[in-house]
2 protein chains.
Amino acid sequence: MTAEVKPSSPPLTERQEARRRRILHASAQLASRGGFDAVQMREVAEAAGVALGTLYRYFPSKVHLLVATMQDQLQHMHTTLRKRPPAGESAAERVAETLMRAFRALQREPQLADAMVRALTFADRSVSPEVDTVSRQTTAIILDAMDLADPPGPEQLSAVRVIEHTWHSALITWLSGRASIAQVKIDIETVCRLIDLTDPEPR
Amino acid sequence: MTAEVKPSSPPLTERQEARRRRILHASAQLASRGGFDAVQMREVAEAAGVALGTLYRYFPSKVHLLVATMQDQLQHMHTTLRKRPPAGESAAERVAETLMRAFRALQREPQLADAMVRALTFADRSVSPEVDTVSRQTTAIILDAMDLADPPGPEQLSAVRVIEHTWHSALITWLSGRASIAQVKIDIETVCRLIDLTDPEPR
DNA sequence: CGCTAACCTAGAACAAGTTTCAGTATCGAA
DNA sequence: TTCGATACTGAAACTTGTTCTAGGTTAGCG
């Protein structure tokens, strides 16, 4: 379950890696303040000490940049979550606990969350591969939390997909102020029941 | 459950109503071709025979316009769906059937669906009231399909919310080419099981 | 009918994402 | 070390959403 983010493609030189890192850092920085709108490509370029054209060479659009930022943050999150695995009895409880922990982390940086999630759902086909990577990372986190004895069956994978759907969409309703934190919690707990429905093994 | 879309606010004159209608028609028209990107405010204005400033008086942003377009389409959809109510045995089956029918309708106009759904999820707080209306319309459609004997309890409402989350998010993954039609079907059917979980009454 | 406020039009202007280009710097191989 | 290819820079240009302005039109009311 080592979900490293594609170090594929032409390997970057050290300075290029550093540039890429500076860009992602600047992006997260700006997003942490004003959210999606505050991540302006000219400002990112300036903050990262890079020309605008170079920024576009690394990330072909603002959405690409923000989705990459999300990959970055998700990786941190995954690492953090692993340090203290959830303690629930059932897989459903553990997943709900894990997602709520992630949710609390996002609450600490609502503007950053806004930027990343909006980019993710706004992404068109040209960003599919990157969005897919995010999806795989999320799946990995959920499967990690389930801590299954056996590899998941197709029914369980469906349940996981539905949980992901609910997770993303609930985040959006929260970010746009249409749902309260409590409501998100309820939705997550509700959808997690699907797991026990598809997995009779009580462990 | 008559979910008419707010005819509130200052009532419009006949010509104004006609303008509004022309604008929404132009919007849907353009969206049916190139999707979200093809709905360009200048073009909408021209196609509707209206000045740009007027367009912005009726719909304060492109997202507002597209969300209103969605309200419009949803109302049609709701009317159409009512004509032939779903025939499933359980509420879960009926909801799944209804959503799949809606899904097939969207498949006939994928570009239009793209424009509307992208606008919906990209909407920020300033569009919350309108997005909320869409959400209520969707809820009404689902509750209609459930065809409950008694008013829904809080658990059932949670399940409905989760179904809506899944519906929207699954649509997005389909529209961005990351999930197949078959996969969307499975996800919808999976999440609909939640209904039977929260409603022991088999009718 | 005549008035006034609200509405509409054409068009310029502005903002931010994206593209382009000419010139300079860096990298990897010979 | 030198050369050719590739990458980077700075700046201008282009696109499309959004705002603003000046002047003409409409609706409703006395």
Side-chain angles (χ1 to χ4, degrees), chain A residues 9-24 26-27 30-31 33-69 114-116 118-120 122-127 130, chain B residues 9-24 26-27 30-31 33-69 114-116 118-120 122-127 130:
Chain A
S9 316
L12 302 180
T13 73
E14 207 165 309
R15 308 184 47 169
Q16 288 176 322
E17 193 52 57
R19 269 191 209 102
R20 196 187 133 86
R21 214 108 278 302
R22 287 205 307 278
I23 293 173
L24 286 176
S27 167
L30 287 168
R33 311 214 200 306
F36 187 89
D37 292 332
V39 181
Q40 302 193 356
M41 299 304 267
R42 288 174 237 261
E43 292 209 23
V44 172
E46 186 179 13
V50 118
L52 191 55
T54 304
L55 172 51
Y56 274 94
R57 171 183 288 272
Y58 281 77
F59 302 97
S61 79
K62 174 168 171 171
V63 169
H64 281 86
L65 169 59
L66 283 171
V67 170
T69 304
D114 171 78
M116 297 188 306
R118 295 262 294 288
L120 201 65
F122 190 58
D124 67 357
R125 296 180 109 86
S126 71
V127 204
E130 289 78 7
Chain B
S9 316
L12 302 180
T13 73
E14 207 165 309
R15 307 184 45 163
Q16 287 175 322
E17 192 53 57
R19 268 191 208 100
R20 196 187 133 86
R21 212 109 279 300
R22 286 206 307 280
I23 293 173
L24 286 175
S27 166
L30 287 169
R33 311 213 200 305
F36 187 89
D37 291 331
V39 181
Q40 301 192 356
M41 298 305 268
R42 288 172 236 262
E43 292 209 23
V44 172
E46 185 178 11
V50 120
L52 190 55
T54 304
L55 173 52
Y56 273 94
R57 172 184 286 273
Y58 281 74
F59 302 97
S61 79
K62 173 168 172 172
V63 169
H64 281 86
L65 170 59
L66 283 171
V67 171
T69 304
D114 171 77
M116 297 189 305
R118 295 260 296 285
L120 202 66
F122 189 59
D124 66 356
R125 296 180 110 85
S126 71
V127 206
E130 288 78 8

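Since the model is a prediction, treat every value here as computed from it, not as a measurement. Proteins get letters first, then strands, A, B, ... in listed order; numbering begins at 1 in each.
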Just how far, in rounded Å, is [atom2] of [N] from [atom1] of [X]?
X        : N      : atom1 : atom2 : result
A:Phe122 : C:dG17 : CZ    : C1'   : 11 Å
A:Met41  : C:dT19 : CE    : C1'   : 12 Å
B:Arg20  : C:dC8  : CZ    : C1'   : 18 Å
A:Glu14  : C:dT26 : CD    : C1'   : 14 Å
B:Glu46  : C:dT9  : CD    : P     : 13 Å
B:His64  : D:dG17 : NE2   : P     : 16 Å
A:Leu66  : C:dG17 : CG    : C1'   : 12 Å
A:Leu30  : C:dA16 : CG    : P     : 13 Å

Nucleotide nearest [X] (side chain, heavy atoms from C-beta), chosen from [options]:
X       : options               : result
B:Arg57 : C:dC7, D:dT18, D:dA27 : C:dC7
B:Ala51 : C:dT18, C:dG28, C:dT9 : C:dT9
A:Tyr56 : C:dG17, D:dT9, D:dT19 : C:dG17
B:Gln40 : D:dG17, D:dT18, D:dT9 : D:dG17
B:Gln16 : C:dT18, D:dT18, C:dC8 : C:dC8
B:Arg19 : D:dT18, D:dA27, C:dC8 : C:dC8
A:Arg42 : D:dA13, D:dC8, D:dT18 : D:dA13
B:Val50 : D:dA27, C:dT9, C:dG28 : C:dT9
A:Tyr58 : D:dG17, D:dT9, D:dC8  : D:dC8

List the steps and the verdict of side chain to side chain contact (heavy atoms under 4.5 Å, CB included) for B:His64 and B:Ser126. CA-CA 9 Å; B:His64 281 86; B:Ser126 71; 3.9 Å; yes
Looking at B:Phe122, is its backbone amide N or carbonyl O close enough to the side chain of A:Arg118 to form a donor-acceptor pair, meaning the two atoms are under 3.5 Å apart?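 Yes, A:Arg118 side chain to B:Phe122 backbone: donor-acceptor pair under 3.5 Å.
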Judged by atom type as modelled, is there a donor-acceptor pair below 3.5 Å linking the side chain of B:Gln16 to the main-chain atoms of B:Thr13?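 Between the backbone of B:Thr13 and the side chain of B:Gln16 there is a qualifying donor-acceptor contact (under 3.5 Å).
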B:Val39 near the nucleic acid: base, sugar-phosphate alone, or nothing, with a heavy-atom cut-off under 4.0 Å?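 Touches sugar-phosphate only.
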Under 4.0 angstrom between A:Thr54 side-chain N/O and D:dT9 OP1 or OP2: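 Looking at the OP1 and OP2 atoms of D:dT9, one of them is under 4.0 Å from a side-chain N or O of A:Thr54.
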Given the ring of B:Phe36, does B:Lys62 sit roughly above its face, with NZ or CZ under 6.0 Å from the centre of the six-membered ring and within 45° of the axis?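 Here B:Lys62 passes the 6.0 Å and 45° test against B:Phe36.
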Given the ring of A:Tyr58, does A:Arg19 sit roughly above its face, with NZ or CZ under 6.0 Å from the centre of the six-membered ring and within 45° of the axis?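 Checked: cation-pi criterion not met.
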